[in-house]
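Notes for the one structure printed next.
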2 protein chains.
Amino acid sequence: MSAVLSIDPRTGASHGPVADESGPDLVDETVGEAFRAFQALQDAGRSGRARLLGAWADALEEHREEIVRIADRETALGDVRLGGELTRSIFQVRFLAGVVTEGGYLEATLDPPGDTPMGPRPDLRRMLVPLGPVAVFGASNFPLAFSVVGGDTASAVAAGCPVVVKVHDSHPATSVLCAGILRRSARQAELPDAVISLVFGRQAGVDLVRHPLVTAVSFTGSLTGGRALLQAINERPDPVPFFGELSGINPLVITPAAAGARGPAIAEGLTASFTASGGQFCTKPGLAFVPAGEAGDRLVEIVATSLSAASPYVLLNENIAASYRRGIDELTSDDAVGTVATGTGSGGDGFGVRARVLTIDAADLRPRDVEECFGPVVLLVRYRDGDDLPSLIGELPASLTGTIHAEEADRDLVVRLEAALRMKSGRVLFDGYPTGVAVSWAQHHGGPWPSTNSQHTSVGATAVRRFLRPVAWQNAPEFVLPAELRDGFDEIPRRVDGELRTPSTP
Amino acid sequence: MSAVLSIDPRTGASHGPVADESGPDLVDETVGEAFRAFQALQDAGRSGRARLLGAWADALEEHREEIVRIADRETALGDVRLGGELTRSIFQVRFLAGVVTEGGYLEATLDPPGDTPMGPRPDLRRMLVPLGPVAVFGASNFPLAFSVVGGDTASAVAAGCPVVVKVHDSHPATSVLCAGILRRSARQAELPDAVISLVFGRQAGVDLVRHPLVTAVSFTGSLTGGRALLQAINERPDPVPFFGELSGINPLVITPAAAGARGPAIAEGLTASFTASGGQFCTKPGLAFVPAGEAGDRLVEIVATSLSAASPYVLLNENIAASYRRGIDELTSDDAVGTVATGTGSGGDGFGVRARVLTIDAADLRPRDVEECFGPVVLLVRYRDGDDLPSLIGELPASLTGTIHAEEADRDLVVRLEAALRMKSGRVLFDGYPTGVAVSWAQHHGGPWPSTNSQHTSVGATAVRRFLRPVAWQNAPEFVLPAELRDGFDEIPRRVDGELRTPSTP
């Protein structure tokens, strides 16, 4: 077994070993323990799981300083960003405790017996139940929000599913630290620590996905990695649900009127968005449609100027830095692609890269230009006529987000742009920037492939739906029914005989 | 192109040709028209789609006699069963019109802007939108409920998705007849007839699944067929959601107390259930756990006796009949499997088979014995101790349903049996029989693989969820928002600032 090391991206130096790669027996044992914890999480009920999530939020807050310090050493994302990320994760854990307590997510539904044209209908009661142990693949770019700590873990455990995390090589020490905090906290809440556990190494990830007791797989990462896991899942005797959050170009459209009215402000907002955290956000706007002509030229110029002022960027790991450099080389190998600005370099032995602002004429856009290039680069696509935009958008692959910057007078165009971007994304933004994903009831972080597989979100209240399945009970005696489906239970929203009732419904 | 013939299972004689197999150009053209109809279905809104479904229900009722006659000639399922199936489908179409009108299925959610620990939160509004054109693979065994007419078509169109049906070889004339009725009805409702269209032939099915404009695939059929389609989907550049309803043994458990108290009644109910429509229901109880000892012996005897009285069974097509005979041969080649009763034969040139009641000792049960054998056969598994049942159930593959027959005194055992069957199925029934799937709000027809892929149903109100995906709008101007997300809209249930409100909420 190889040792797992913790690498400092600023210097390339390694710390550790942090752990050993997990062999097949250890993966099997870990999933077995998760399966035993599954029963405990169900027995804890909604209130017990909400308490656990609350305790996790407190424990993470208590260890904030140490978590941010180790995560910064491993990711070079900086204290401010990592502190914000932890705050967001703690907020999400508490938010999901509230979602579990509210109980609408169960979709509790009761149909009393009755007559139908097909004869008598039995008593039917339906609600969502947890799937079982879930495999979560930590993301390189969110060591505290899509990893051991994060939306996948929190929503799986909220739903009642224990989690086995395949640790990302980019932050093993952070992962070990966070898992220790969560496991201790679980024990203190008198739940098995195996509600969350870790495995290390690529092969362990494959073994995990193939394990018969694993009931769903959640993955945030590259399209290539996601497809490999999907393939492994489809080789199972029982293919389980796969929730991949993979890739996207996140187009941002600036109408001629918007460029004219507030081009400089948009230019600065766009630069801040595509360079945030070294451009290593899944919602990074990688493509911006900028009108040809003077207002557009001025906008491009300001993007270029604001870039020169930006610091050098240290990417998360050697692979990502190499892949970014390769992506830039491929893009700029096309004569149609021009370089508007190149950021400063970082020097040193770490994974530093130079940011880039590239430009192309809309007529020259090829499929290769609209693939995600992870890192601090934006491609500014100059177009001649706003009426061409909907069909240009129609040629793009799907993304998590699509953004429109427009003015009052653009109303007709905005209607067409919204329709085009809605077909190609899961969140449509107006006059904003797609980085920054609020945690709330109405949030959706997903979209048609390759952004995700369309139907589910990994952020917000409905993230729990990924880890649930419906069960119907027919003519069941009351004593086997979950409390939420028994007669007279009125603490959560339920649909009774077709009518949706809330706890406040008289 | 080969001609598509309509075969009479009672005689093996063919009628037709009904159509030609669809070449790749025709499949492409058909999906293209479906894509254009997608916009019309969205523009029609919920009220327009509810009206279309109502018109479909009326049109099907009007052509009842002809539909049942042609379907009987092609399937040999009999007028009574087919009349009932059509009644059920018409009920489901009307029911889904009500679901669309009620609007809760949209999961409309509005989060007003506000402050959070991470800074200001934008205005976010979320609801489910239709995916796009959907491929539906008709099932052999439900020519009127899971085919051109049926739950998949009705729920896709209710959601706003046009449907292209890959016609099942077993009932092409029924399919052409039904599609004609639905398409004329769509035109009369001033919608494109391409809201529903047909393609014929195995290769057309593969071309359909690979078509870039197809956004989801729904399939009811064999495990082998389902896996082949899943493989084709995963070879797409953009794997789309696959909803397969594939296979299941549907265990039925009879406790010693139940066998003692009402063994004869259970025996008759079980025989009626496993032989209904020639055992060609996906919910057919294929395995029944019967206690060893006198009460169990008596129960087995009555199953055998009621079988002898049953008519011969004509199966749906040559493949199914051959596969049934092969399945029986494989089961009975094991010395541990005994034959308790064999039904009468049908003679003639058609696809007639003899029903079977088989028996085995629980200790001898092998994996092969618990695979679905489609057709009129049940395997009675004799067990010695009720306490062994939960672990015996734990060894079974997952199914659509699991059934418990028990008595008042069995309470502790029932708790354990329910927990075991819930892990292995999507519907747990008490003192009933799994054939007969009520259409209602609380119904769930699904379960862990291989029954389906766990998370969605193909019967009941929530069947529409398969053909929807969430979209969030961030800081959107009112004029681009769907009506259901605008300020002040109060005709459907919505979650506003975290609080679920129904139209009746003050």
Side-chain angles (χ1 to χ4, degrees), chain A residues 84 87-88 91 104 109-111 116-118 121-122 124-126 129 131 230-231 234 238-241 411 414-415 418 422 426-432 438 440-444 446 448-450 453-455 457 462 469-477 479-480 493 495 498 500 502 504-505, chain B residues 84 87-88 91 104 109-111 116-118 121-122 124-126 129 131 230-231 234 238-241 411 414-415 418 422 426-432 438 440-444 446 448-450 453-455 457 462 469-477 479-480 493 495 498 500 502 504-505:
Chain A
T87 300
R88 184 177 180 284
F91 180 83
T109 308
L110 290 79
D111 291 333
T116 75
M118 292 81 69
R121 185 183 68 200
L124 279 168
R125 306 184 188 214
R126 168 191 186 270
V129 303
L131 289 176
L230 186 58
Q231 188 57 39
N234 286 317
D238 58 336
V240 295
R411 195 166 167 140
V414 167
V415 168
E418 188 276 335
R422 175 161 33 89
R427 179 163 54 111
V428 187
L429 298 86
F430 296 82
D431 303 326
S440 76
W441 289 92
Q443 186 57 277
H444 179 58
W449 188 280
N453 23 15
S454 298
Q455 301 201 284
T457 183
T462 54
R469 65 181 176 96
V471 168
W473 286 262
Q474 181 169 325
N475 290 335
F479 66 86
V480 301
R495 189 178 288 277
L500 189 60
T502 65
S504 58
T505 306
Chain B
T87 300
R88 183 177 180 284
F91 181 83
T109 307
L110 290 78
D111 290 335
T116 75
M118 293 79 69
R121 185 183 69 200
L124 279 168
R125 304 182 189 215
R126 168 191 186 271
V129 303
L131 289 176
L230 186 58
Q231 188 57 40
N234 286 316
D238 58 336
V240 295
R411 195 166 166 137
V414 167
V415 167
E418 188 277 334
R422 175 162 31 90
R427 179 163 55 110
V428 186
L429 298 87
F430 296 82
D431 303 327
S440 76
W441 289 92
Q443 186 57 279
H444 179 58
W449 188 281
N453 24 13
S454 298
Q455 301 200 285
T457 182
T462 55
R469 66 181 176 96
V471 168
W473 287 262
Q474 182 169 325
N475 290 336
F479 66 86
V480 301
R495 188 177 290 277
L500 189 60
T502 65
S504 58
T505 306

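Every chain is numbered from 1 and lettered A, B, ... according to where its sequence line falls, protein lines coming before strand lines. Atom set for the values below is all heavy atoms of this structure, side chains included, hydrogens, waters and symmetry mates excluded.
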Among A/Leu131, A/Leu110, A/Val428, single out the residue with the greatest number of heavy-atom pairs under 4.5 Å to chain B.
-> A/Val428
Please state whether the side chain, the backbone, both or neither of A/Glu418 comes within less than 4.5 Å of a heavy atom of chain B.
-> side chain
Note: B/Arg126 and A/Trp441 closest approach over all heavy atoms is CD-O, 4.2 Å
Looking at B/Val415, B/Thr462, B/Asn453, which has the largest count of heavy-atom pairs under 4.5 Å with chain A?
-> B/Thr462
Pick one of side chain, backbone, both or neither for A/Asn234, based on which atoms fall under 4.5 Å of a heavy atom in chain B.
-> both
Between B/Ser440 and A/Asp111, which heavy-atom pair has the shortest distance, and what is it?
-> OG-OD2, 2.5 Å
Segment of B/Thr457 engaging chain A (4.5 angstrom heavy-atom cut-off) | neither
Largest heavy-atom contact set with chain A, pairs under 4.5 Å, which of B/Gly432, B/Pro241, B/Gly104, B/Pro122 | B/Pro241
Under 4.5 Å to a heavy atom of chain A? For B/Pro450 that would be neither
Where does A/Pro470 contact chain B at under 4.5 Å (heavy atoms): side chain, backbone, both or neither?
-> both
Which heavy atom in A/Leu124 sits nearest to a heavy atom in B/Ala438, and how many Å separate them?
-> CD1-CB, 4.0 Å
Which atom names give the shortest non-hydrogen contact between A/Leu500 and B/Pro493, and what distance separates them?
-> CD2-CB, 3.5 Å
If every non-hydrogen atom of A/Phe430 is compared with every non-hydrogen atom of B/Asn475, which pair is closest and at what distance?
-> CB-O, 3.2 Å
Please look at A/Leu429 and chain B and tell me whether the side chain, the backbone, both or neither of the residue comes under 4.5 angstrom of a heavy atom of that chain.
-> both
Contact class of A/Arg125 relative to chain B, heavy atoms under 4.5 angstrom = backbone
Which distance, rounded to the nearest 0.5 Å, do you find between the CE of A/Met118 and the CZ of B/Phe91?
-> 4.5 Å
Interface check, chain B: of A/Arg495, A/Arg88, A/Gln443, A/Arg422, most non-hydrogen pairs under 4.5 Å belong to A/Arg495
For A/Trp449 against B/Pro239, the heavy-atom pair lying closest together = CE2-CD, 3.1 Å
Name the region of A/Thr87, side chain, backbone, both or neither, that has any atom closer than 4.5 Å to a heavy atom of chain B.
-> both
